[in-house]
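Scroll down for the structure; my scribbles are underneath it.
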Amino acid sequence: VQVNFVDPPQMNLPTRSDLCIGDSLVLKANSHATLFRWSTGQTTANITVYKSGIYQLQASSNAGCRVSASVEVSLVPPPSSSLASEINRCASETVVLNPNATAVMYRWSSGETSATLSPQKSGLYIVTITNSAGCSSTDSTKVNFLPAPLVELGPNRSLCNGQIAKLNVVDSTGYRYRWSTEEKLP
């Protein structure tokens, strides 16, 4: 009688893996086994999962040698951002866009890859942020640089003591005023 010892099939299944919420994950046995049975009831070498949990796999060779492994899948939420939907600033002011996200990668629609962005012109700015698990989300803000109001009070005047001059602001719609006398009327 001759006895041959056969090694069990090898399997290369990670012990844990992250799954971004809303995505799917392919679990691969990476084995030369011929028979597979997952705890889900599936009998293929690879399965696609959509939720967290512990997935167990038993694999067998033609000789009947078995090996088992399991992988814990954890759901990971995408990073969140807190950009304002719209920002209005005077043309002379500086705007710094900061999504306030704990992310490892940032990609702005302007091509920048820094955590913050200082736009120089009006427009829609979109950022894609990615966390360490590879989960991504996008956020956007519309930046409006507003021109300074044009104030024309007319020519300089000389007044005698006690005389009153009336100053008028042309196109006072939408603006707030503060005169040197602290009055706030246009």
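Start at 1 with the first residue, then count along the sequence.
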Looking only at heavy atoms, which two atoms of [X] and [Y] are closest? And how far apart?
{"X": "P79", "Y": "T102", "answer": "CB-O, 4.3 Å"}
{"X": "T48", "Y": "S24", "answer": "CG2-CB, 3.7 Å"}
{"X": "S39", "Y": "I54", "answer": "OG-O, 4.0 Å"}
{"X": "C135", "Y": "P78", "answer": "CB-CA, 3.9 Å"}
{"X": "V95", "Y": "R89", "answer": "CG2-CG, 3.4 Å"}
{"X": "L13", "Y": "W38", "answer": "CD1-CH2, 4.0 Å"}

Atom [atom1] in [X], atom [atom2] in [Y]: separation rounded to 0.5 Å?
{"X": "N12", "Y": "K28", "atom1": "CG", "atom2": "NZ", "result": "11.5 Å"}
{"X": "I129", "Y": "W108", "atom1": "CD1", "atom2": "CH2", "result": "9.0 Å"}
{"X": "S81", "Y": "N98", "atom1": "OG", "atom2": "CG", "result": "8.5 Å"}
{"X": "S70", "Y": "R16", "atom1": "OG", "atom2": "CZ", "result": "12.5 Å"}
{"X": "L75", "Y": "S52", "atom1": "CG", "atom2": "OG", "result": "4.5 Å"}
{"X": "S92", "Y": "L146", "atom1": "OG", "atom2": "CG", "result": "10.5 Å"}

Let me know which of L27, V26, N30 forms a side chain to side chain contact (heavy atoms under 4.5 Å, CB included) with N46. V26
Any donor-acceptor pair under 3.5 Å linking the side chain of [X] with the backbone of [Y]?
{"X": "N131", "Y": "A133", "answer": "yes"}
{"X": "S122", "Y": "F145", "answer": "yes"}
{"X": "S137", "Y": "S80", "answer": "no"}
{"X": "T34", "Y": "S60", "answer": "yes"}
{"X": "T141", "Y": "A84", "answer": "yes"}
{"X": "S68", "Y": "L57", "answer": "no"}
{"X": "Q58", "Y": "Q56", "answer": "no"}

Are the side chains of [X] and [Y] in touch, meaning some heavy atoms are under 4.5 Å apart?
{"X": "D139", "Y": "P99", "value": "no"}
{"X": "L97", "Y": "L83", "value": "yes"}
{"X": "Y106", "Y": "T113", "value": "no"}

Cluster link V67 to I47, ILVMFWY, side chain under 4.5 Å: yes
Between L25 and I21, is there a shared hydrophobic cluster once you connect ILVMFWY residues whose side-chain heavy atoms come closer than 4.5 Å? yes
Could you walk me through whether Q42 and T40 pass the side chain to side chain donor-acceptor pair (under 3.5 Å) check? CA-CA 6 Å; Q42 293 169 285; T40 61; 2.9 Å; yes
Taking atom CD of E86 as the centre, does the number of heavy atoms from other residues, nucleotides or ligands within less than 6.0 Å exceed 12? yes
Going through the checks in order, is the side chain to side chain contact (heavy atoms under 4.5 Å, CB included) test met by T43 and F36? CA-CA 5 Å; T43 57; F36 301 92; 5.5 Å; no
